[in-house]
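Note sheet for the following structure.
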Protein chains: 2
Amino acid sequence: MSENFSRAEILLKRLQSFDYLRGLDGETLRRLANASSWKVYAPEAVIFWEGDVESNLFYLQYGSLKALKSSPDGRKQVLRFINAGEIFNEMGALAHRPNPATAIALEESGVWLIPRHALEEIVSTHPRTAMQIIENMADKIIELVTLAADLSLKTVEARLATLLLEQAEGDVIKRRRWTNQIELAARLGTVPDVLSRVIRDLTKAGLIEIDRQQIRIIDRGGLLARAKPEEKP
Amino acid sequence: MSENFSRAEILLKRLQSFDYLRGLDGETLRRLANASSWKVYAPEAVIFWEGDVESNLFYLQYGSLKALKSSPDGRKQVLRFINAGEIFNEMGALAHRPNPATAIALEESGVWLIPRHALEEIVSTHPRTAMQIIENMADKIIELVTLAADLSLKTVEARLATLLLEQAEGDVIKRRRWTNQIELAARLGTVPDVLSRVIRDLTKAGLIEIDRQQIRIIDRGGLLARAKPEEKP
DNA sequence: TGGTTTACCCGACAAAAGTCGGGGCGCAAA
DNA sequence: TTTGCGCCCCGACTTTTGTCGGGTAAACCA
């Protein structure tokens with residue numbers, strides 16, 4: 001497995017520059033890298049299903065994924081996007097819980113699978129890493145709390161406006177292959193038709209411009225106003 | 001402060017029977033108890049506000065609380081109820097993050113405030129406890145994922161049916177002072193009027209009975225059917 | 001090159017959720 | 001005992017969201 005060995009070397013380098021594991025010594029990282037395995041997923045491939053008990057911790061080296069839940073009638077709610085450099089499935093790896101969501105690759109994605117036992121060993125010997133994991137989970141809780149509140153309290157228009165303002169670098173959002181209205185709608189918790197309508201309204205109001213390559217914010221202030229529900233005392 | 005001292009003795013006893021801290025030795029627990037302070041909140045009192053940076057970990061000895069987010073127009077989304085024996089604010093205490101939600105007492109509630117430094121010391125010396133905390137946070141993530149998906153994918157009727165089935169002991173749910181339609185609506189992410197309508201429908205359909213003291217499930221099967229969105233291929 | 005697929009668009013409609021005005025009942029303070 | 005308040009109920013209306021049927025245009029492929 002010289003193929004896998006050299007890959008492990010790559011992972012080792014990655015791990016060393018990896019915030020999540022800051023403070024671990026070289027020997028520990030090396031053992032972690034050697035115990036891990038490597039897997040590549042094609043676009044649309046399923047990494048794991050909701051309800052699966054999956055005991056590896058995943059580290060996404062390149063590519064991007066989505067975590068979603070779907071209902072029997074086919075609607076989907078994307079809970080978060082996972083980008084290169086992030087880890088996922090603390091659920092299964094650390095807490096022995098069945099995963100609450102399904103993970104699907106948006107593009108070709110390379111993933112390291114770090115086995116539970118190696119991880120638990122580290123947690124029990126490196127409290128600093130345990131704290132990193134706790135902080136990471138705290139951030140996820142914050143995101144989920146925000147998502148739940150937004151779904152409950154904001155309109156689709158407000159959620160879209162918020163998302164655009166968050167995602168924009170400068171005033172534009174580059175559209176990737178999967179930044180289409182279907183994925184966007186799933187992210188916002190609605191359906192493509194409704195999203196299309198809202199985009200039309202925002203475009204007509206002169207707040208945004210959209211074409212095949214990008215979304216451009218024209219009127220930041222106006223968009224910001226639509227991102228918040230109305231005051232009403 | 002002999003008052004506080006004897007209270008610390010009480011806390012010590014509690015802590016000893018506390019899953020969350022299983023595996024800690026007596027001396028450690030004693031120091032933890034002595035470092036902590038005690039506070040009682042009246043009904044409707046605010047323990048902390050969304051956005052506050054609050055560095056204590058809270059342990060609810062008796063009473064009950066709700067964690068919620070509210071929008072400028074006055075609507076509220078309850079994220080979870082906190083019952084006696086649970087801890088909260090891992091956010092602020094362990095991850096140094098501003099709290100994402102507001103905590104409010106539903107009834108008179110007695111709370112222990114465990115200071116951050118004492119806790120961090122334990123996490124760094126007792127990996128078993130760190131794992132407990134991680135598992136606890138994983139459970140919260142699972143609950144929030146479920147909440148977000150339900151808000152997005154299910155109707156108010158389905159959410160109410162699910163809640164009733166979950167909360168029922170046997171076939172009845174005892175109504176406490178705060179199990180009124182206002183709180184219930186905030187929990188389900190809707191408004192009292194809509195909830196009232198749904199309750200009327202379920203009652204007319206012979207699935208539940210409701211009076212001032214309790215809610216009784218008449219037809220478990222029928223309720224279960226309404227708890228799920230329709231299949232539709 | 002033509003045919004198929006994919007993403008997007010749109011108007012009209014249906015369903016779900018939210019709002020409004022009004023009214024009733026029981027309990028408790030004045 | 002009256003008055004006021006909290007909680008709940010209800011019908012009618014509006015807004016928001018989801019659905020349906022049908023359409024166009026660019027991209028992709030054999």
Side-chain angles (χ1 to χ4, degrees), chain A residues 43-44 70-77 106-107 150-161 175-204 208-215 226-233, chain B residues 43-44 70-77 106-107 150-161 175-204 208-215 226-233:
Chain A
E44 302 298 305
S70 50
S71 77
D73 66 350
R75 297 237 341 254
K76 296 171 200 323
Q77 173 65 50
L106 290 166
E107 56 185 325
D150 284 357
L151 286 171
S152 168
L153 304 172
K154 289 183 176 180
T155 62
V156 172
E157 187 179 80
R159 299 205 293 274
L160 174 62
R175 301 188 73 181
R176 307 178 189 246
R177 206 174 320 284
W178 62 90
T179 314
N180 56 30
Q181 293 194 5
I182 297 170
E183 295 293 340
L184 235 38
R187 176 69 229 274
L188 295 171
T190 185
V191 290
D193 282 26
V194 173
L195 177 60
S196 169
R197 198 151 58 203
V198 172
I199 289 177
R200 193 193 344 163
D201 293 345
L202 291 182
T203 307
K204 274 189 187 158
I208 61 173
E209 269 174 15
I210 186 166
D211 62 38
R212 207 157 296 270
Q213 284 82 36
Q214 62 175 26
I215 305 172
R226 304 223 183 186
K228 310 241 161 274
E230 292 298 306
E231 291 272 350
K232 203 186 47 182
Chain B
E44 301 299 305
S70 51
S71 78
D73 66 349
R75 298 243 334 261
K76 296 169 197 331
Q77 173 65 51
L106 289 167
E107 56 185 325
D150 284 357
L151 286 170
S152 167
L153 304 171
K154 289 184 176 179
T155 63
V156 172
E157 186 178 81
R159 299 206 292 275
L160 174 61
R175 300 186 72 180
R176 305 177 192 246
R177 205 175 318 283
W178 63 89
T179 314
N180 56 30
Q181 293 194 6
I182 297 171
E183 296 293 341
L184 234 40
R187 176 68 231 274
L188 294 172
T190 184
V191 288
D193 280 20
V194 173
L195 176 59
S196 168
R197 201 152 54 203
V198 172
I199 289 177
R200 193 190 348 165
D201 292 346
L202 292 182
T203 308
K204 275 188 185 156
I208 62 172
E209 269 173 18
I210 186 166
D211 62 39
R212 208 159 295 269
Q213 285 81 36
Q214 61 175 27
I215 305 172
R226 304 224 183 184
K228 311 241 161 276
E230 292 298 306
E231 291 271 352
K232 203 186 50 186

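Every chain is numbered from 1 and lettered A, B, ... according to where its sequence line falls, protein lines coming before strand lines.
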* **Nearest-0.5 Å distance, NZ of residue A:Lys76 to CG of residue B:Leu153** => 10.0 Å
* Rounded to whole angstroms, how far apart are CG on B:Asn180 and C1' on C:dG26? -> 15 Å
* Which of these nucleotides, D:dC7, D:dT17, C:dG18, is closest to any side-chain atom of A:Thr155? -> D:dT17
* Grab the two heavy atoms, one from B:Ala158 and one from B:Ala227, that are nearest each other, plus how far apart they are. => CB-O, 3.6 Å
* Structure fact -> Here the salt bridge (Lys or Arg N to Asp or Glu O under 4.0 Å) pairs for residues 189-202 of chain B, sequence neighbours left out, are none
* Could you pull out all residues at least two apart from B:Arg226 that satisfy side-chain hydrogen bond (donor to acceptor under 3.5 Å, both in side chains)? => B:Glu157
* To do: Starting from P on C:dG11, measure out to CG on A:Asp201 and report it in whole angstrom.
  => 11 Å
* Give me the bend of the helix from C:dT1-D:dA30 to C:dA30-D:dT1, using the axes of the five pairs at each end, rounded to 10°. => 30°
* Going from CD1 on A:Ile215 to CG on A:Leu184, what distance comes out if it is rounded to the nearest 0.5 angstrom? -> 6.0 Å
* Report which part of the nucleic acid A:Arg159 touches: base, sugar-phosphate, or nothing (heavy-atom distance under 4.0 Å, all strands). => nothing
* To do: Name the nucleic acid region contacted by A:Arg177, choosing base, sugar-phosphate or nothing; use a 4.0 angstrom heavy-atom cut-off, strictly under.
  => nothing
* Any B:Thr190 side-chain N or O less than 4.0 Å from OP1/OP2 of C:dG18 -> yes
* **N or O in side chain of A:Gln181 less than 4.0 angstrom from C:dC9 OP1/OP2** => yes
* Structure fact -> Residues at least two apart in sequence or cross-chain that pass side-chain hydrogen bond (donor to acceptor under 3.5 Å, both in side chains) with A:Gln181, listed by chain then number, are none
* For A:Asp211 and C:dC8, what is the distance between atoms CG and C1' respectively, to the nearest whole Å? -> 13 Å
* Which value, rounded to the nearest 0.5 Å, describes the distance between B:Ile208 atom CD1 and B:Gln214 atom CD? -> 11.5 Å
* Could you check how far CD of B:Glu183 sits from C1' of D:dC8, rounded to whole Å? => 15 Å
* Roughly how far, to the nearest 0.5 Å, is the CD atom of A:Gln77 from the CG atom of B:Asp150? -> 11.0 Å
* What is the distance, rounded to the nearest whole Å, between atom CG of B:Leu151 and atom P of C:dA16? -> 17 Å
* Check B:Thr179 against B:Arg175 and note the closest heavy-atom contact, atom names and distance. => O-NH2, 3.0 Å
Where do N or O atoms of nucleotides 23-27 of chain D meet protein N or O atoms at under 3.5 Å, pair by pair?
none

* Asked: What is the distance, rounded to the nearest whole Å, between atom CD of A:Gln77 and atom P of D:dT17?
  -> 13 Å
* Asked: What is the distance from CG of A:Leu160 to P of D:dT16, rounded to the nearest Å?
  -> 15 Å
Report each atom pair, protein N/O against N/O of nucleotides 10-14 of chain D, whose distance is under 3.5 angstrom.
| unit_1 | atom_1 | unit_2 | atom_2 | d |
| --- | --- | --- | --- | --- |
| D:dC10 | OP2 | B:Arg200 | NE | 3.2 |
| D:dC10 | N4 | B:Asp193 | OD2 | 3.4 |
| D:dG11 | OP2 | B:Arg200 | NH1 | 2.9 |
| D:dA12 | N6 | B:Arg197 | NH1 | 3.4 |

* How many angstroms lie between CG in B:Leu202 and CG in B:Leu160, if you round to the nearest 0.5 Å? -> 5.5 Å
* Structure fact -> The reported gap from CD in A:Glu183 to CG in A:Leu106 (rounded to nearest 0.5 angstrom) is 5.5 Å
* Asked: For the pair made of CZ in B:Arg75 and P in C:dA17, what is the distance, rounded to whole Å?
  -> 11 Å
* **B:Pro192 to B:Ala185 - nearest heavy-atom pair and separation** => N-CB, 3.6 Å
* Hey, which sits more toward the 5' end of DNA chain C by its nearest nucleotide, B:Val191 or A:Arg175? => A:Arg175
